[in-house]
Participant: 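Below is a structure I'd like to ask you about.
Lettering of chains follows the sequences in order, A, B, ..., and the numbering in each one begins at 1. This is a predicted model, so every value here is computed, not measured.
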There are 2 protein chains.
Amino acid sequence: MQDQRESGRQQVFEAIRNANQIARIDIAKATSISPATVTAITSELLSAGLITELHSDPVPGVAKRGRPRVALSVRGDAFLIAGMKIADRHASVVLLDFVGETIGEYSQPIPNGQMGADEFATVIHDVLHAACNECGRRLEDVTGLGLGMAGLIDAARNFVYWSPSLKARNVEFGEALSNVLPMPVFLDNDANLVAKAEQHFGEGQGETDFIVITIEQGVGMGIVIGNEIYRGERGCGAELGHTKVQLEGAMCRCGQRGCLEAYVGDYALLREASVHGQGIPHDSVAALYAHAKAGDATALSIFERAGRMLGMGLVNVINIFDPKLVILSGEQASLDFFDGDRLLEWVKSSVVQVDAPLPEIRVHRWGDLMWAKGAAAYAIEAVTRQKIKGLSRDAA
Amino acid sequence: MQDQRESGRQQVFEAIRNANQIARIDIAKATSISPATVTAITSELLSAGLITELHSDPVPGVAKRGRPRVALSVRGDAFLIAGMKIADRHASVVLLDFVGETIGEYSQPIPNGQMGADEFATVIHDVLHAACNECGRRLEDVTGLGLGMAGLIDAARNFVYWSPSLKARNVEFGEALSNVLPMPVFLDNDANLVAKAEQHFGEGQGETDFIVITIEQGVGMGIVIGNEIYRGERGCGAELGHTKVQLEGAMCRCGQRGCLEAYVGDYALLREASVHGQGIPHDSVAALYAHAKAGDATALSIFERAGRMLGMGLVNVINIFDPKLVILSGEQASLDFFDGDRLLEWVKSSVVQVDAPLPEIRVHRWGDLMWAKGAAAYAIEAVTRQKIKGLSRDAA
DNA sequence: ATATTTTTTTCATGACACAAATTAAATATG
DNA sequence: CATATTTAATTTGTGTCATGAAAAAAATAT
């Protein structure tokens, strides 16, 4: 959080990455850096091997007069980046090239329950090793690993306050990982990684400020302000799931009362169903939802109340941040449980009203892999920053 | 939100302003700018008249060996800055010098009710004129005016979406002001100005990230992230008062239900009291509070519920932002209505628990003038930025 | 009177960005 | 087909900014 000014090199590189492929003159326009400087910087990036020139054959019909522009693009094969997401019993890995193209995917069950830090680091090492083998790469080829796990995490310090995967609290988990892994590791809370995934691969592309809300077992939030994830003082902000929506309300698994999660989380839904007892499934949310869909009023009311609470949470977020864009991001199922369209209508009508366009709310459903891709995106960012900082004009 | 990198000049000047008085060598240490550069920059600032040297007579006893350091400080008389706060029926003005020292204060009743933009701009002109006269200054001597008013305001554009003082909605009020006032005007929401006041004169001095919450008629919030006020996309975020604390809850004057303000605002307290009817005062919160203090259970319960709702709001803010510091800022009375110590205890125990220090919560009570001082601080910032940007090394 | 210490300034240098001029590489045109 | 035109990219010279090293300044210590 120090060198926050984007150096010219960073800006140019970002422009190339964003555009996929782009000519120098357009980089100049996009960044409002002079063409002269763009030439200088791109020649550095070229000789450092971070980007390449794409000489496309001139298409006679479309071609215009003048010297043809030569497109630049990020060299995908410059670095191999890995992203890993740790879930309850599974680790999923994605290998990306430096452009962000998927090189390979891998998933593997891991022991359930809490482990010691070193033990768990070894598991992660082994998973990554297996993933590399699977894709015909070597562990040593991986330039950086992004690692997402549930819990309260201070990303800046690679520090874990608490995680369901670790036995101890307050672990310098980054160090444990460094001991067994040859590449730098970048640790973050999984909600933040969804935000990163949206920023690089999803609905947040090209946006500088937005909020991502994820609904699964719990409710998570990622806040992007000025292209950066906002993390708060201790690195554990954005706990939307533990925002209070009811005074003296339902008991949450965090031990507090009235948390949003205690109404919207899957355990909360099942709890309600189980109280009612006969006739209503209370072992899987999907089954409960099917029951509601089939017309069962009680099951329906469970989802309705949860939906309204979720709506409250959304309204509060919007009233507090006045964001330009809110992305509801999650796996297919979770979002459908709450009658989305009606919910969003209610949210929009319940927000502080101004005579200016309401924040846009986009729903983005996608699969299991996004977590790992977000982790990888985080690592790509970090590696990029590091590699570019290591440049200087005296490099031959 | 563009030229966000602090130029060396800005940094050095800020260091001088923060330190009140400071030698070049210490500026270099504080900013990690080299002494050579500090000399260059300070000589510019000196010849531009923004700062002065303070040659203190050497004190024989304390003096150390070596060339004595000469302290620099901001030249208070460089510019005269005004801050004005528009309230229901009063306008209060404060005149500050460039250091932030109070030159004069002034207060004047203004017509109640909504006015046209030009009409209201004229009122503001007249008030400022009177304030200047009062202090023996001329209107033309004022280099910048910070203006705070209630309502939804986009500070970046000096635009008013809505204000209780203006007849029309969506007013380019900045333009209306430019037509009648000779100096640049900087408009902002009053909650943000409290944040500015705390940052420059209050509990936020030296802090880069904090949240200010104000409790008066409504509940306001100012968010400072990285020394900057966070304003959201349309410039109207941080509406903590209209955060929902109860689904389908009490009617708020904004037309929505369940807003925090609908439980904590003074009209909400009085509404509750008036329903009860006999025996309980329902025309002034102070009277109602006195009644509660005297032991009336009903009156007490009104404040208690409001206090708990306020606590929910605080908890939510902390869970979302994970701030280092929260400042409860307001006039003497409002804060006392809610049993502060107990409230803060509850808040601290209800926040997501991490094994890291809880955010600090400071209570800051102060008088009516803070609004105007905050407005002036905002103007000082803007004027400073502008004056320093206007410098360059070719200046003789 | 001279040495020492500390702050401040001066000076030469390097990184960076830019405008202006130049070169490169294509198409349009008579 | 040679030349003009157009557009992109590069080169060149210049200015700003920050810096390290050396020098100067201004005090106390010996």
Participant: Looking at A:Arg67, does any N or O in its side chain come under 4.0 Å of the phosphate oxygens OP1/OP2 on D:dT5?
Facilitator: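 It does not, given that no N or O in the side chain of A:Arg67 lies less than 4.0 Å from OP1 or OP2 of D:dT5.
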
Participant: Just compare C:dA26, C:dA17, C:dT8 and give me whichever is closest to any side-chain atom of A:Arg65.
Facilitator: C:dA26

Participant: Check whether any side-chain nitrogen or oxygen of B:Thr39 sits under 4.0 Å from OP1 or OP2 of C:dT9, and answer yes or no.
Facilitator: yes

Participant: Which pairs, with at least one residue in residues 28-50 of chain A and sequence neighbours excluded, count as a ring pair (Phe, Tyr, Trp, His ring centres under 6.0 Å)?
Facilitator: none

Participant: Would you call A:Pro359 and B:Arg234 a side-chain contact if the rule is heavy atoms closer than 4.5 Å?
Facilitator: yes

Participant: Which pair of non-hydrogen atoms, one from A:Met183 and one from A:Leu139, has the smallest distance, and what is that distance?
Facilitator: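 So the minimum-distance heavy-atom pair works out to CE-O, 3.6 Å.
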
Participant: Regarding A:Arg17 and the six-membered ring of A:Phe98, is the cationic atom NZ or CZ under 6.0 Å from the ring centre and inside 45° of its axis?
Facilitator: yes

Participant: Toward the 5' end of DNA chain C, which comes first, A:Ser34 or B:Ala71, by nearest nucleotide?
Facilitator: B:Ala71

Participant: Please give, in whole Å, the distance from D:dA9 P to A:Leu45 CG?
Facilitator: 15 Å

Participant: Could you work out how much the helix from C:dA1-D:dT30 to C:dG30-D:dC1 bends, comparing the axis of its first five pairs with that of its last five, to 10°?
Facilitator: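 Roughly 30° between the end axes, to the nearest 10°.
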
Participant: For D:dT10, take OP1 and OP2 only and decide whether either is under 4.0 Å from a side-chain N or O of A:Arg24.
Facilitator: yes

Participant: Take the protein atom CG of B:Leu46 and the nucleotide atom C1' of C:dT8, then report the distance between them rounded to whole Å.
Facilitator: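 Those two atoms, CG and C1', are 13 Å apart.
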
Participant: Please find the pair of heavy atoms, one from B:Leu391 and one from B:Arg9, that lie closest to each other, and give the distance.
Facilitator: O-NH2, 3.9 Å

Participant: Of all the nucleotides listed (C:dC18, D:dA18, C:dT7), which has the minimum atom distance to the side chain of A:Ile33?
Facilitator: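 Minimum distance to the A:Ile33 side chain belongs to C:dC18.
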
Participant: Heavy atoms only, 4.0 Å cut-off, all strands: where does B:Pro68 land among base, sugar-phosphate and nothing?
Facilitator: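 Sugar-phosphate: the residue B:Pro68, judged by heavy atoms under 4.0 Å, touches backbone atoms but no base.
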
Participant: Judged by each residue's nearest nucleotide on DNA chain D, which is more toward the 5′ side, A:Glu53 or A:Gly66?
Facilitator: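 This one resolves to A:Gly66.
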
Participant: Side chain of A:Ser32, backbone of A:Lys29: donor and acceptor closer than 3.5 Å?
Facilitator: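 Not at all, since once roles are kept as given, no pair shorter than 3.5 Å links the two residues.
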
Participant: As a test of reading the structure: which of C:dC11, D:dA9, D:dT28 is closest to the side chain of A:Ile25, going by heavy atoms?
Facilitator: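 Comparing C:dC11, D:dA9, D:dT28 against the side chain of A:Ile25, the answer is D:dA9.
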
Participant: Using a cut-off of 4.0 Å on non-hydrogen atoms, how would the nucleic acid contact of A:Val70 be classed: base, sugar-phosphate, or nothing?
Facilitator: sugar-phosphate

Participant: Does the side chain of B:Lys389 come under 3.5 Å of the side chain of B:Gln386 through a donor N or O and an acceptor N or O?
Facilitator: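 Per modelled atom types, B:Lys389 and B:Gln386 side chains form no pair under 3.5 Å.
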
Participant: Take the protein atom CD of B:Glu44 and the nucleotide atom P of C:dT8, then report the distance between them rounded to whole Å.
Facilitator: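 Distance check: B:Glu44 CD to C:dT8 P gives 18 Å.
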
Participant: Just how far, in rounded Å, is P of C:dC16 from NZ of A:Lys389?
Facilitator: 13 Å

Participant: Can you tell me the distance, in whole Å, between the CG atom of B:Leu72 and the P atom of C:dT7?
Facilitator: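 Interatomic distance, CG of B:Leu72 to P of C:dT7: 14 Å.
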
Participant: Any side-chain N or O of A:Arg9 under 4.0 Å from OP1/OP2 of C:dC16?
Facilitator: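 Yes, because at least one side-chain N or O of A:Arg9 sits under 4.0 Å from OP1 or OP2 of C:dC16.
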
